[in-house]
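Here's the structure, in structure tokens; my notes come after.
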Amino acid sequence: MRELPKTYDPRETEPRIYKRWLDGGYFTGVVDTAKPPFSIVIPPPNVTNQLHLGHALDNTLQDILTRWKRMQGFGVIWVPGTDHAGIATQIKVEEELRKEGKTRFDLGRDAFLERVWEWKRKYGSRIIEQLKLLGSSADWSRERFTMDDGCSAAVREVFVRLYEKGLIYQGNRIINWCPSCTTALSDAEVEHEERDGNLWHIRYPLSDGSGYLTVATTRPETMLGDSAVAVNPSDERYSHLVGKSVTLPLMNREIPIIADDYVEQDFGTGCVKITPCHDPNDFEVGLRHDLPQILVLDEHAHVINGGEYNGLERYEARKRILADLTALGLLERTETRSHNVGECYRCGTTVEPITSKQWFVKMAPLAEPAIEVVRDGRMKFVPERFSKTYLNWMENVRDWCISRQLWWGHQIPAWHCRDCGHVTVSRADPDKCEHCGNANIERDPDVLDTWFSSALWPFEVFGWPERTPELDYWYPTSVVCPGYEIIFFWVARMIFSGMEHMGDVPFRTAFIHGMVRDDQGRKMSKSLGNGVDPQEVIDAYGADALRMNIVVGTSPGSDMRFIPAKCESFRNFANKLWNAARFVLMQIDGKSTEWNPASFSELDRWILSKLNRVVGEVNANLEGFELGIAAEKLYSFVWDDFCDWYIEFSKARLNAGVLLFTLGEILKLLHPFMPFITEEIWQSLPLCTGDTDALMIQAYPIRDDAENFPDAEASTESLIRAVRAIRNLRAEKNVPPGKRSTVYVQGAQFDAAILTRLAFASEVVFAAPPNIAECVQATTEDCTLWLPLAELVDLDAERQRVAKERERTLAEIEKLRAKLANTEFIAKAPAAVVAAERSKLASAEALLTRLGE
RNA sequence: GGGCGAUUAGCUCAGCUGGUAGAGCAUCCGCUUGACGUGCGGAGGGUCAGCGGUUCAAGUCCGUUAUCGCCCACCA
């Protein structure tokens, strides 16, 4: 048995304990069909950067569930890994290059990719290191990366399958384009911001010279690409003009006036300029009316096909165009108006809707089963409300643009034939066109949306498309723990991918959490500089304290503020537990810890009964994903019940067996939450017998109804109330702590040794004092206590206090009597509730009698 | 324009299926009480945002209002 130091030192302990777990191989998932499976795949962190506190939240939740289930005897695996994060990582490396005065084009594709891999290696390993610092019990032997060989094979297989099914297609459609990242984006990758802007009213002269139409637009620069002006078909103001034409100012192009339902009569002037290449609605209108598509902005959002404006950047072009229109007297007026601007979720640049040839996933057929499984409960969200968010999105989802004009990512497995134009999509790299047989083919340079590969994560990590034992055993996974911000990006896409390729849900439960904010409730961000490095917190307070901070006092799905002082309180808790263990070790030293129920006192049965209750509750809470509530109950059981009372009892009446047992059970219960300290203590206990007898593989306690002792609970709680009453009395009377006195008790019989010790008594007498007049009195619901302290007490104050308590009791009695006099209450409330109210009344009445004595 | 969440002690937040409000921190008083001052004992502090309803009983369910926040949406 090792002597424990007086203060717990997480910095010394954690690395040592973590190594012990690794050496024991306890994290390794084993396919064991004798056990029920439990699997979690990590939401793979992006290799863009090291982890922040949000990841600490993700992974603490996963680790708690994983450790709990492992201790419950499940065949557990937690698969770790990282995500290549195509666009985000590419931006990072390009930024780095920019500092060297270079662009990716200077390096060329291969050299650039080598640079990105370098970045990936650096941050990928840092991330894994950080996950370990947190205590994550992930199976490192199965660590994956979304661009490793296995994932690449899965991506390739999925792409080909969907293509062959006609669910992946190439099309020239309007998409979101980021001029800074110079790539297409999916709808989900565009963030909408409300911005102040202008609505410019511009006159388009009628071609016949009979006047003009005024159109209102927020994007005057796109007028260079206008191919019509549209009005509502039932708008009588303009019906006579439909079929005629206007002359597009600046470009002097004659464009038709058309009628389309899309136009709202009441908005602006009721006339809309139609720019099919740069507005999603206009694009649709253009298709309906067979309008020409005139692209006027290039990949950098510089003007093309715009005559004298060619080469101008879009906002520069706007200025010039507005100035020119003003000069021509065609700018009727300018109205300020706030409107939504789409921004690239990675770089914040205003996104340009642009027509472009891209690859798409046809969503309707995929969405259908993905909607069904959530509707019928085969897959559930925790908290439940997120299923609504999810369904709303899935029910309205549009085709998914999956091609990105980037270099970092899975290159699209499609080869274009320069001779016949046919596209060959295949599992193996082709050397000739499958249509004309010529070798003059070229691979599509684009890569896939990064989420295309993460969508496959829950099955690709188990070896899919191979049918592996791991896949059979662990798919569908049990739980996934993402933040709500990636429900669309990731959760939704995993669900339809799982349904399509595995024929089953990817996970039974999506346990959604919120965001970690700073202590003022602000989002943590680089620019604010308010980000917190988990390692700093771990260094200062220990990983266990960080984990508890993250879990306690937060509710699932809601954002939380990170308050360092809260870590301090859990560090203190860790220290409390540590010292409780020290006490236990000291007490049991040289004593028998034999389990002998015949020797149990009421106090022993009390703690066992309380323990048993907490065991039941904690398991139930964990089952319901109420991790914070479970942790809080354990906190209070350890501190309030075990330390404040049972350990204090033990100083007067020791049962080494129960003391040690209870500590052991506490360690097991707490282990998923605070793995390091609990394991460390466990290793010093005689309960831990062998070298491989780690706490983390002990059986998690389960509730045992034979361990309920209501009588012991009642009698001990009565004792606790008496002790409190005496302490209270002494504090109120400012009795010096060293001053002991006789305690008189009437109405109950207690363990005198305990009462003597905890109530600072010199002696306990179970009778009313002979000199009541010279005593101060305290009452509990089942007994009266006196201290002969008349000389130390302000008698006036004491009378006042008693009077006040009397008043309070009277009020309560009145309330209870009214309640019990209510025939409806008696008739309708459950019998147990009525009985409880009756006994409350009885004890209140008894109290009143005693107060009156 | 839809949808969702929040509003509880000075601060940050818990309170699952309704049964007379809790924690941590902060505050105040006292303390070398046989593990712990990262501690011990004691105390104060809330008309659970407002209004209405259901119920024997509402922080908890329903409706409504207000303030704050988030998500989604093709009115230029």
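Just so we're on the same page: letters track the sequence lines, and every chain starts at 1.
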Students often get this wrong, so: under 4.0 angstrom with heavy atoms, is [X] touching a base, only sugar-phosphate, or nothing?
{"X": "A:G628", "value": "nothing"}
{"X": "A:T7", "value": "base"}
{"X": "A:K6", "value": "sugar-phosphate"}
{"X": "A:W200", "value": "nothing"}

Contact under 4.0 Å: A:K388 side-chain N or O vs B:C4 OP1/OP2: yes
For [X], enumerate each residue passing the ring-ring contact (aromatic ring centres under 6.0 Å, His included) test, keeping only those at least two apart in sequence or located in another chain.
{"X": "A:F381", "value": "A:Y390"}
{"X": "A:F488", "value": "A:W393"}
{"X": "A:F676", "value": "A:W21"}

Look at the side chain of [X] and decide which nucleotide, out of [options], has an atom nearest to it.
{"X": "A:P830", "options": "B:G19, B:C40, B:U55", "value": "B:G19"}
{"X": "A:S555", "options": "B:A14, B:G39, B:G19", "value": "B:A14"}
{"X": "A:Y635", "options": "B:A43, B:G19, B:G24", "value": "B:G24"}
{"X": "A:I629", "options": "B:G42, B:G39, B:G15", "value": "B:G15"}
{"X": "A:R385", "options": "B:A43, B:G5, B:G19", "value": "B:G5"}

Side-chain donor-acceptor pair present, A:Y646, A:N655, cut-off under 3.5 Å: no
Once you round it to whole Å, what is the distance between [atom2] of [N] and [atom1] of [X]?
{"X": "A:K828", "N": "B:U54", "atom1": "NZ", "atom2": "C1'", "answer": "12 Å"}
{"X": "A:I487", "N": "B:G5", "atom1": "CD1", "atom2": "C1'", "answer": "13 Å"}
{"X": "A:N579", "N": "B:G37", "atom1": "CG", "atom2": "P", "answer": "7 Å"}
{"X": "A:Q520", "N": "B:C13", "atom1": "CD", "atom2": "P", "answer": "12 Å"}
{"X": "A:D640", "N": "B:G22", "atom1": "CG", "atom2": "C1'", "answer": "12 Å"}

Can you tell me, in whole Å, how much space there is between the [atom1] of [N] and that of [M]?
{"N": "B:A9", "M": "B:A14", "atom1": "P", "value": "13 Å"}
{"N": "B:C40", "M": "B:U32", "atom1": "P", "value": "16 Å"}
{"N": "B:U54", "M": "B:G10", "atom1": "C1'", "value": "36 Å"}
{"N": "B:G24", "M": "B:C62", "atom1": "C1'", "value": "34 Å"}
{"N": "B:G53", "M": "B:C13", "atom1": "C1'", "value": "30 Å"}
{"N": "B:A26", "M": "B:A43", "atom1": "C1'", "value": "14 Å"}
{"N": "B:G50", "M": "B:G42", "atom1": "C1'", "value": "37 Å"}
{"N": "B:C71", "M": "B:U8", "atom1": "C1'", "value": "26 Å"}

Short side-chain to backbone donor-acceptor contact, [X] and [Y], under 3.5 Å:
{"X": "A:N176", "Y": "A:P353", "result": "no"}
{"X": "A:H201", "Y": "A:T214", "result": "no"}
{"X": "A:N232", "Y": "A:E264", "result": "no"}
{"X": "A:W578", "Y": "A:P5", "result": "yes"}
{"X": "A:T554", "Y": "A:M560", "result": "no"}

Under 3.5 Å, N/O pairs linking protein and nucleotides 8-12 of chain B:
unit_1, atom_1, unit_2, atom_2, d
B:U12, O3', A:R561, NE, 3.4

A:K828: salt bridge (charged side-chain N to carboxylate O under 4.0 Å, His left out) partners, not counting sequence neighbours: A:E824
Partners passing salt bridge (charged side-chain N to carboxylate O under 4.0 Å, His left out) against A:R561 (at least two apart in sequence or in another chain): none
Under 4.0 Å protein heavy-atom contact, by nucleotide of nucleotides 67-76 of chain B - B base, S sugar-phosphate only: -----SBBBB
Under-3.5 Å donor-acceptor pair between A:K576 side chain and B:C36 base: yes
Please table the atom pairs, donor to acceptor, closer than 3.5 Å between any side-chain atom in residues 625-643 of chain A and protein atoms at least two apart or in another chain.
unit_1, atom_1, unit_2, atom_2, d
A:E626, OE1, A:N621, ND2, 2.8
A:K633, NZ, A:N621, OD1, 2.8

A:K273: side chain to side chain donor-acceptor pair (under 3.5 Å) partners, not counting sequence neighbours: A:T222, A:D226, A:T275
Residues in side chain to side chain donor-acceptor pair (under 3.5 Å) contact with A:R195, at least two apart in sequence or another chain: A:E343
Most 5' of A:V833 and A:C643 on RNA chain B, judged by nearest nucleotide: A:V833
Of A:F825 and A:D644, the one whose closest RNA chain B nucleotide lies more 5': A:D644
Within residues 645-656 of chain A, residues whose heavy atoms come under 4.0 Å of RNA chain B: A:I647, A:E648, A:K651
Contiguous Watson-Crick or G-U pair runs (3 or more, under 3.5 Å) in RNA chain B: B:1-7 with B:66-72, B:10-13 with B:22-25, B:27-31 with B:39-43, B:49-53 with B:61-65
Flag if over 12 foreign heavy atoms under 6.0 Å of NZ, A:K523: no
Basic-acidic side-chain contact under 4.0 Å: A:D279, A:R219: no
